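Read through the structure below, which is laid out as structure tokens, and then see the notes.
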There are 2 protein chains.
Amino acid sequence: MSLLKQPFEDRWSKYGGHSPISLFFHHIHPISQEAIARIDASTFPLHAARGEMIFKPGSKGDRLYLILKGVVRGYIVEDGKEITTWINEENEIIGTIRNLGLAGPSEESIQAIENCELIGMPYELVEELYTTYPESNIVGRKVLEDSYRAAEERAYISRIPAAERRYKRLVETRPNLANRIPLKYIASYLGITLETLSRIRNRRSI
Amino acid sequence: MSLLKQPFEDRWSKYGGHSPISLFFHHIHPISQEAIARIDASTFPLHAARGEMIFKPGSKGDRLYLILKGVVRGYIVEDGKEITTWINEENEIIGTIRNLGLAGPSEESIQAIENCELIGMPYELVEELYTTYPESNIVGRKVLEDSYRAAEERAYISRIPAAERRYKRLVETRPNLANRIPLKYIASYLGITLETLSRIRNRRSI
DNA sequence: AGCGGCTTTTGTTATTTATCAAGAATAAGC
DNA sequence: GCTTATTCTTGATAAATAACAAAAGCCGCT
């Protein structure tokens, strides 16, 4: 994961002069030009190769990320095994959102599962925006509404009793995902082994 | 579920003159006296008996509720069976939060599993507060941060592979809950049958 | 283009959990 | 306080899924 080295003044030239994340927020709810400038100044593009860790538990520098390109997953290590807790794609905000506001440091790891282009945003900037630009609380609220709905869906899908119906639900709600990334991540997300998932998929195709 | 009939002017007298939900919000982040008065005017105490439905999918009048007393669960009917998706207790905000902002009507049912005292708040009031009193967006953001964390935990616990470790996690994170409500709800929340849960509990106590 | 590693499939056996059933214990409501 | 409901336990069997293993397919990288 390396910061793209570019002269500061044209860091956003290939994105039309602004950080994609400031435009993303502005599109959710209009924010002032000062807020946009503040975001442009303290966010940064970065690249994460397939398999690379974007966040490791215990490391400093909590951030949000906007995914411009690629697929990213979050996972927790439980009893020596990885449990994939979420999988996100383009135009979604990810990060150690768990840490927002309250709670201790996250035990969650974040990993690129495709080569990714991201925009990073330090969490201190988020706090600063909330206090300096009141309208950013509206943006924050709406982003959180969305994140909440996504988390609700994750909580729901994993409670569906039969593995096949969980897979079916995933295909219904996120049709492209199941054929985009390795089965092991889908299987872990659905709480089954990849062998079982493979068998379910072949059952379905008959 | 019946509205307590009281003269309007002293509806909140037994709560010290204000709606508990306006005080709850004010405690999260200070809101103006006008905002408090507006909340006091359009929220209402209500009672729900054990087993009573607080919300049924398809019904009108989306609301938030503050639980003053009792335990409430949300569930979804999947393939003819109820799946309990959350269980909340005193001093928590519940409701058809899924509907906030975006998304279609919730298929989620909400039911009292103890005799409950609640404060109801129409969702239209929430919208009004967001536009009329900017500081309420800060409250909304913080409530959603909390709701998000709770949803994350629900998503996580249900992905722990072994039923016994799921139960262990529940006991660790919410020690009082497992001995407060019938096993069937706990079992459904953990994605197992009540018989299996009973056996797990007895394994543990030896 | 070809090598090597990752991914998927398929098979077999072991384990976990569900299902069905019935009795015992506990709690709710009058 | 008593009666009835509900809740919890325990047992036996069936079904789903995990675990282990190994081969085939695909894919990324140089």
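What you see is a predicted model, and the numbers here were worked out from it, not measured in a lab. Naming: A, B, ... by sequence-line order, numbering from 1 per chain.
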When the distance from CG of A/L183 to C1' of D/dG25 is rounded to whole Å, what number comes out?
13 Å
Can you tell me how far C1' of C/dT8 sits from CD1 of A/I200, to the nearest Å?
14 Å
Rounded distance (Å) that lies between atom P of D/dC8 and atom CG of B/N202
11 Å
B/S198 vs D/dT9: side-chain N/O to OP1/OP2 distance below 4.0 Å
yes
If only side-chain N and O atoms count, and only distance matters, is there a donor-acceptor pair under 3.5 Å linking B/S22 with B/S19?
no
Could you tell me if the side chain of A/I192 sits less than 4.5 Å from the side chain of A/Y167, heavy atoms only?
no
For the side chain of A/E195 and the base of D/dC20, is some donor closer than 3.5 Å to an acceptor across the two?
yes
What is the distance, rounded to the nearest whole Å, between atom CZ of B/R180 and atom C1' of D/dT7?
18 Å
Picking from C/dT10, C/dT17, D/dT17, which would you name as closest to the side chain of B/T196?
C/dT17
B/R50 (side chain) and C/dG29 (base): donor-acceptor pair under 3.5 Å
no
Taking CZ from B/R199 and C1' from C/dT16, how many angstroms apart are they, rounded to a whole number?
11 Å
In whole Å, I'd like the distance from the CG atom of B/L197 to the P atom of C/dT17.
11 Å
Atom CD of A/E114 and atom C1' of C/dC6 are separated, to the nearest Å, by 15 Å
When you match B/A162 and A/K184 each to their closest nucleotide on DNA chain C, which lands nearer the 5' end?
A/K184
Using purine N1 to pyrimidine N3 plus N6-O4 or O6-N4 for Watson-Crick, or N1-O2 and O6-N3 for G-U wobble, both under 3.5 Å, which nucleotide pairs with C/dA14?
D/dT17
Categorize A/L194 for me: base, sugar-phosphate, or nothing, with a 4.0 angstrom heavy-atom threshold over every strand shown.
base
Taking A/R154's backbone N and O only, do any of them form a donor-acceptor pair with B/R159's side chain (distance below 3.5 Å, no angle check)?
yes
For a quick test of reading the model: is some side-chain N or O of A/T193 closer than 4.0 Å to OP1 or OP2 of D/dT17?
no
Conformer about C1'-N of D/dA5 - syn within 90° of 0, anti elsewhere:
syn
Hydrogens and angles aside, do A/E127 and A/Y123 bring a side-chain donor and acceptor to less than 3.5 Å of each other?
yes
Rounding to a whole Å, what distance do you find between A/R201:CZ and D/dG25:P?
17 Å
As its Watson-Crick or G-U partner within any shown strand, both distances under 3.5 Å, D/dA5 has none
For the backbone of A/I39 and the side chain of A/S42, can you confirm whether one donor and one acceptor N or O come within less than 3.5 Å of each other?
no
Any base atoms under 4.0 Å from A/G51, or only sugar-phosphate, or nothing? Heavy atoms, all strands.
nothing
Whole-angstrom distance between C/dA28 and D/dT9, as gauged at atom P
16 Å
